[in-house]
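Positions are given from 1 along the sequence. Computed over heavy atoms, backbone and side chain alike; hydrogens, waters and symmetry mates excluded.
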Amino acid sequence: MAVSPTPKLTPANFPSLDALQHLGPFAVALSGGADSTALLIAAATRWPDRVHAVHVHHGLQAAADGFEAHCVSLCSRLHVPLVVQRVNAAHAAGESPEDAARQSRYRALAEAVQHNWDGAVLHIALAQHADDQAETLLLALSRGAGLPGLASMPAVAVRNGVTYHRPWLDVPGQALRDALQAAGEAWVEDPTNTDTRYTRNRIRAELLPVIEKAFPAFRQTFARSASHAAQAQTLLQEVAVLDLQQVGNPPAIKALQQLSEARQANVLRHWLAQVHSQASAAQLQALLAQIKACTTRGHHIDIKVGRGFVRRDGAVLRCYNL
């Protein structure tokens, strides 16, 4: 794509970044693609001395060096301090390549801001937009996810001591590309984005166009559903905290039996998360059945949960992780 000799870098070219205006120094997660390129240009144009950038070099494809070169050139032109983090994002046996890359990317982003700029940067802006949110919701639905999955991506989230901000979750992806073209700016295209072996890419290439034809406002309505799910999950979390205080930690079996099955499931998920375990739907259902059947002193409970076991220990349940 040709680059204009006199790029028109004005905030008016890009969607609003008012959601970030209260921040002090922050970093943009810069992949070099259209979305993050637009975010960096918009942010650096509006706040020339406040913005930094982090580029994660995954090393998974030959084009990765070209992504880095684009980011270095762009940050140099905009006078934005850039840190390049090189990671090994190869996935382990049985692990999703997308999940492995995402986990390594978040670790690299956190390390970059924590070990650079004298610790002054504790916020990172991400360029995910309305199309990404719709894809995330559809992925969650396809996997039978509960409310945490259906809530999709939050506008603000804290992870490993870093606060992540997604200011453009209500902005269509095409709007970002249109803004870049209007400003005469270039970006890099990740060739894996068209590889339909990946579920997210199939959703983007094959499903979203059909949905848009049938429901032109799907981005807004999907985002609203995700917001409703997030609100409901927040309420469930508050109830779980109160119920765990009531049943005790570790949970007392008799106290659990006084709750409805739905509240038992909710508080048990919360308790298991606190002890770094997670139950599948089938495992949780088996545990609930054992709690219901536990009416005698000699009743034995020993259920596989995640990478460990939940076992009866006298009057309470305990989790033993492997």
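Put simply, OG on Ser142 and CD on Glu135 are 12.0 Å apart, with the number rounded to the nearest 0.5 Å. Atom CG of Leu40 is separated from atom CG of Asp35 by 13.0 Å, given to the nearest 0.5 angstrom. For the atom pair Asn266 CG and Gln233 CD, the distance stands at 7.5 Å (nearest 0.5 Å). Rounding to the nearest 0.5 angstrom, the gap separating the CG atom in Leu180 from the CZ atom in Phe14 is 5.0 Å. Rounded to the nearest 0.5 angstrom, Glu261 CD and Leu284 CG are separated by 8.5 Å.
The closest side-chain heavy-atom distance from His299 to Ile301 is below 4.5 Å. In this structure, the side chains of His70 and Thr37 come closer than 4.5 Å at one or more pairs of heavy atoms. Taking 4.5 Å as the limit, some side-chain heavy atom of Leu74 sits within range of a side-chain heavy atom of Ile41. Under the 4.5 Å side-chain criterion, counting only non-hydrogen atoms from C-beta, Val51 is in contact with Phe26. Taking 4.5 Å as the limit, some side-chain heavy atom of Asp178 sits within range of a side-chain heavy atom of Gln181. Inter-residue side-chain proximity for Leu256 and Trp271 is flagged as unmet; no heavy-atom pair is nearer than 4.5 Å. You'll find the side chain of Leu138 reaches within 4.5 Å of the side chain of Ile211, heavy atoms only. Looking only at side-chain heavy atoms (C-beta outward), Leu244 and Val247 come within less than 4.5 Å of each other.
Judged by distance alone, the side chains of Arg200 and Thr136 do bring a donor and an acceptor atom under 3.5 Å apart. With 3.5 Å as the limit, one finds a donor-acceptor pair spanning the side chains of His57 and Asp65. Between the side chains of Gln21 and Arg46, at least one donor N or O lies within less than 3.5 Å of an accepting N or O. A donor-acceptor contact closer than 3.5 angstrom is absent between the side chains of Trp187 and Glu185.
Both Leu78 and Leu176 are part of a single hydrophobic cluster, where members link through side-chain heavy atoms under 4.5 Å apart. By the criterion of side-chain heavy atoms lying less than 4.5 angstrom apart, applied directly or through intervening Ile, Leu, Val, Met, Phe, Trp or Tyr residues, Ile124 is grouped together with Trp117 in one hydrophobic cluster. No continuous path of hydrophobic side-chain contacts links Phe67 to Val84 [ILVMFWY only; heavy atoms under 4.5 Å].
For Gln274, the CD atom is densely surrounded, since the number of other residues' heavy atoms within 6.0 Å is greater than 12. Other residues, nucleotides and ligands place more than 12 heavy atoms under 6.0 Å from the CZ atom of Arg202. Other residues, nucleotides and ligands contribute over 12 non-hydrogen atoms within 6.0 Å of the CD atom of Gln283. Remark: Tyr320 OH is packed, more than 12 non-hydrogen atoms of other residues, nucleotides or ligands lying under 6.0 Å away.
With hydrogens and angles disregarded, a donor-acceptor distance shorter than 3.5 Å links the side chain of Asn201 to the backbone of Thr192. A donor-acceptor pair is defined here as one N or O able to donate and one able to accept, closer than 3.5 Å; such a pair exists between the side chain of His129 and the backbone of Asp131. Of the possible donor and acceptor atoms, one in the side chain of Gln114 sits under 3.5 Å from a partner among the backbone N and O of Asn160. Put simply, the side chain of Arg159 never gets that close to the backbone of Ala110: no donor and acceptor are under 3.5 Å apart. Using modelled atom types, no side-chain atom of Ser76 and backbone atom of Val72 make a donor-acceptor pair closer than 3.5 Å. No donor-acceptor distance shorter than 3.5 angstrom exists from the side chain of Ser227 to the backbone of Ala223, with no hydrogens or angles considered. Side-chain atoms of Thr221 come within 3.5 Å of backbone atoms of Phe218 as a donor-acceptor pair (strictly under, hydrogens ignored). Between the side chain of Asp313 and the backbone N or O of Arg318, no donor-acceptor pair lies under 3.5 Å. Side-chain atoms of Asp118 never come within 3.5 Å of backbone atoms of Ala120 as a donor-acceptor pair (strictly under, hydrogens ignored). Judged by distance alone, the side chain of Thr194 and the main-chain N or O of Pro191 form a donor-acceptor pair under 3.5 Å.
Between Glu68 and Arg86 there is a salt bridge, since a side-chain N of the basic residue sits under 4.0 Å from a carboxylate O of the acidic one.
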Would you please test Ile291 and Leu317 for side chain to side chain contact (heavy atoms under 4.5 Å, CB included) and show each step?
CA-CA 9 Å; Ile291 291 171; Leu317 296 177; 3.9 Å; yes
Evaluate the side chain to side chain contact (heavy atoms under 4.5 Å, CB included) criterion for residues His55 and Ser36: first the C-alpha distance (whole Å), next the side-chain angles of each, then the deciding distance (0.1 Å), finally the verdict.
CA-CA 10 Å; His55 174 70; Ser36 64; over 6 Å; no
Assess the residue pair Val121 and Asn116 against the criterion (side chain to side chain contact (heavy atoms under 4.5 Å, CB included)); give the C-alpha distance rounded to whole Å, side-chain angles, the decisive distance to 0.1 Å, and a yes or no.
CA-CA 8 Å; Val121 177; Asn116 292 279; over 6 Å; no
Evaluate side chain to side chain contact (heavy atoms under 4.5 Å, CB included) for Gln237 paired with Thr234, printing each intermediate quantity in order.
CA-CA 5 Å; Gln237 182 68 14; Thr234 298; 5.6 Å; no
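Between His165 and His123, the ring planes lie tilted relative to each other; the angle falls in the 30° to 60° range.
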Validation: residues 144-154 side-chain donor-acceptor distances under 3.5 Å, sequence neighbours left out:
| unit_1 | atom_1 | unit_2 | atom_2 | d |
| --- | --- | --- | --- | --- |
| Ser152 | OG | Leu150 | O | 3.3 |

